[in-house]
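These notes are about the structure you will find just below.
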Amino acid sequence: MRNILSVPLAAVALFGSAAAYSQETIKIGLVQPLTGSVAYNGQADLNGSKLAVEERNKAGGVLGKKVELVVEDGQCKPANSVNATEKLIQKDKVVALSGAFCSSATAAIMPVAERYKMPLITGVSSKADLTEKGNKYFFRAAETDALLSRAFAKILANDLKLKSVAYVGVNDDWGRGGVEEFSNDLSAAGVKTAAKEYFDHGVTDFYTLLTKVRASGADAIFVAAETQDGSILVKQIKELGLKMRVFGVGSWATPDFIKLAGPAAEGIYAAVPYVSTYESPRNVEFVKNYTAAYKEPPGKYGNAGYNALNIMMDAIARAGSTDSEKIREALHKTDYNAPNGNYKFTDKGQAYGFSLVLVQIKDQSPKVVASTSVDAPK
Amino acid sequence: MDLFLQFLVNGLVTGSFYALSALGLTLIFGLMRVVNFAHGEMYMLGGILGWFVTARLGLDFFSGLVAVAVIMATFGWLVDRVLIERVRDQGEEPGILLTIGLSIFLANTALLLVGTAPQKIEGPVGNQLVMLGPIVTTELRLFAVATCALLILAAHLVVRKTKLGSAMRATFQDPMAARLAGIKIERVYASTFALGCTLAALAGMLLGSIYSAQVSIGGLISLKAFVVVILGGMGSFAGAILGGLILGVAESMWGGYVSTGLVDIVGFSIVIATLLFKPYGLFSTRSERA
Amino acid sequence: MKLERNTIFAFLLIAAVFPLVVSDQYILHIGILVLFYAVLATSLNLVMGYVGEFSLGHTAFLGIGAYAAAILSLRLGLPMWATVPLAGVIAAGFGVVIGGITLRLQGPFFVIVTLAFAEVLRLVANNWVSLTNGPMGLAGVLQPAVMADASNLFGKQLYFYIALGIAAVALYLSYRFVYSGVGRAAVTVRENRYVAQSVGIFPFAYAMRAFVLGSFLAGMAGGFYAHYISFVGSEVFTFSFMATMIIMVLVGGKGTLIGPLVGALLITLLEEYLREAKELRLSIFGLIVMAIVLFLPRGLMGFLASRRELRTEVQESTQAGLAAVAPAAQGGKA
């Protein structure tokens, strides 16, 4: 039974690889969660990536050829993302990869990319140790939780005059990381840690958690959550009549979040690497194009996908070929002007130089309160 | 003491929501012995349909509830007649598989059609704070609890007082005898399944107005509903209500005094303990092992 | 019995030759997945087909094996040939405990309690950060030392043969179990619990043996997974793995030894093929599951077996008919 099937399969693969050599497009692989619980954000990343590719193709493509985005669903799961990556590299013969959104999935595909010498960029995964693994082919065009908290801890402590903070995070590697980093940096700035609570992703009723927060006597609450959980949490904070200041990280300043949270979103602070109301000429243009294509302004993940693809396409153009070593060297020479500032990479592949903003939601729109740029980590 | 009371009230509120969600499953799992893994998806469809009829079609909340009830009853009826009927006499395994396949299909098709973003359903009353002594809750939640109670009462009356209800009870006691007595048991099965789906969908719409309507919520709801049904004893409404309340309060207490991160473990530990020591539920009179 | 044994040998032989013929790494990767799932499906088949109970918690053993191998590899530095068997043994230990508790129940109760156990383990894995690294997962599980400087192709081939080795062990153990006295007793229990008891077979003891063997095999598969994917997180305990396993056993046909192999092959290929359909993929998958339940309830192997039975029945009744006619023609007794 098996040899009957393996022959046509082998034929398809051989045919596929032969076709690749005569391809008229440059293929870049994208591994994102398109189904599952973070599909909402993965879709945004995909939208941003597609926009970048479309713009580039309209301007003539890369190395005289059109760029083709080959998309696979990694579901934010390590095993599925590895599967998707294997297929993209082996079957679709992509020249570069962008993925895989969740830090755990990215950590799983990094060794695969390294084995096949495939340049891999992520615009999202924020776990600090990803760039410490010594993977030469991995580049992170995003902030880490550590950089975010270091950038804003002082500002938050002073501007908001915080005395004690209750930390709430979603119970996964990102949520825990965010809570740890911010509580460390804020404690160093003299702010007391009143409580640390975690909730499982998908929980809809936060009353118990919020009751504990209220009992802790904190005067502010820090939240590490994404749109789905965060909007419900914020609504319930208002419902319970908690008078604390709320600030958080995650996809907070996005139009969807504001729509879902409704009036409860008023006055919330968010520390984000991107907000659509950021006033730079590049961003104004980006927002216009994105809104025209997708009928809503871009958020953090749309921007992340857009930047990741642009950086990769720039590098391929700069390298003058699709050879992976040349692309890798070209990536290190990146000096990319993004909607949210400038991106350069350190030797370890960590991006720096771009802006982070602190926004406050007023009148259903995020207003930039403070901004800073990410310094190169030491 | 205040803290304890607040946790208790929180638990009772979420507990009544659990009870309502599980009510439909009590009928389907408890009476029909169909392990319906698509139960969570029926709940989800209720939420999504509720959003659709209120936000897109412009109906108000109560008309929306009625519309959702009608649509889901029809859908449930069809699912039973077309799908479940075929595997009914083959033991419970095919039923499990069929409903697993159905749940995968429904969840992902809904994802395609609606998208991943959580949707808002406008509730009929606002979210204003209501203070019961030192305890905080909202108008909408109290309304939801009241509606739960009403729906449970209505379902109970249907099963106890109507002809359909008697037919149901007869069929589940002894299908062969019921058939001999002239009851069309295919119709009874379909009606029971339809009623179960409708209850789940109404719960989904009601709770969607408090939290939000999300496509991916089905799996968790199914699991929690199974916990409640097993706790309460299969087929017993009173058991489902008590089971739901116990689960809600237990989770609230655990989350409040131990840790909020591991809350789901409460439900599963309860299930394991119940099945070991009181497999027919906490409130049964039968003492034989499962 | 002969047919099963010969088919299994043929399968293993073809698989042994496979990497020598195919050098596309993606296809080898698919092949490795097929073997991995074949082991899992075989282990689940022992519980479902030979104990006769529907276990929704079988991922528990996959997960325990994966975490055990990862922890042994990362914390103690043990190589793969040690961690995989140890993973199997540790999972079997858990199998004794969990089986001891759950096998006292039947029907839908067994279903739910096994599911509850899998969920409890998932939550523990996600929260016991000091042991399992919680949601951050265990990364960088060691690869076999011989792979260090070799090519990617060699690495894939090596993993393929390792998977094949584990599959061969799994099939051998299952085969010996099923055709032993223990196995036959287990089948008796599955067919009719009360009759089995009346002839002196303790259902519980035999169910336990099938269950523990199943958990051992699943644990080894989990250990393999940990090394191949090199990352273990709490998602190994989720329902999606379970659903895939169940579908494989059912498509192939439970209660047969070849069934899980057929199921693993078909479903793995189907999942990869359906990738092309992108967003529709999972919806189509759900539809296919329903179609199989409705139209092919005994799985493919069951379908083929019933065709064979039908043919044998027709033959036998024809012969009986002829035999009845002949003596009657002679006026003799039957």
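If you're wondering where the values come from, they're calculated on a predicted model, not measured in any experiment. Within every chain, numbering begins at 1; the chains are lettered A, B, ... in the order of the sequence lines, protein sequences first and strands thereafter.
- We find that A:E266 and A:K362 are not joined by a salt bridge, their nearest charged nitrogen and carboxylate oxygen being 4.0 Å or further apart.
- With a threshold of 4.5 angstrom between heavy atoms, B:L140 does not approach chain A through any atom at all.
- Only the side chain of B:F7 comes within less than 4.5 Å of a heavy atom in chain A; its backbone stays farther off.
- Between the side chains of A:E226 and A:Y301, a donor-acceptor pair is found at a separation under 3.5 Å.
- For A:D205, the parts lying under 4.5 angstrom from a heavy atom of chain B are both the backbone and the side chain.
- With a 4.5 Å cut-off on non-hydrogen atoms, A:I232 touches chain B through its side chain but not through its backbone.
- Side-chain atoms of A:D45 and A:S49 include a donor-acceptor pair closer than 3.5 Å.
- The salt bridge (Lys or Arg N to Asp or Glu O under 4.0 Å) pairs that include a residue from residues 201-230 of chain B are B:K224-B:E251, B:K224-B:D264, where partners are two or more places apart or lie in different chains.
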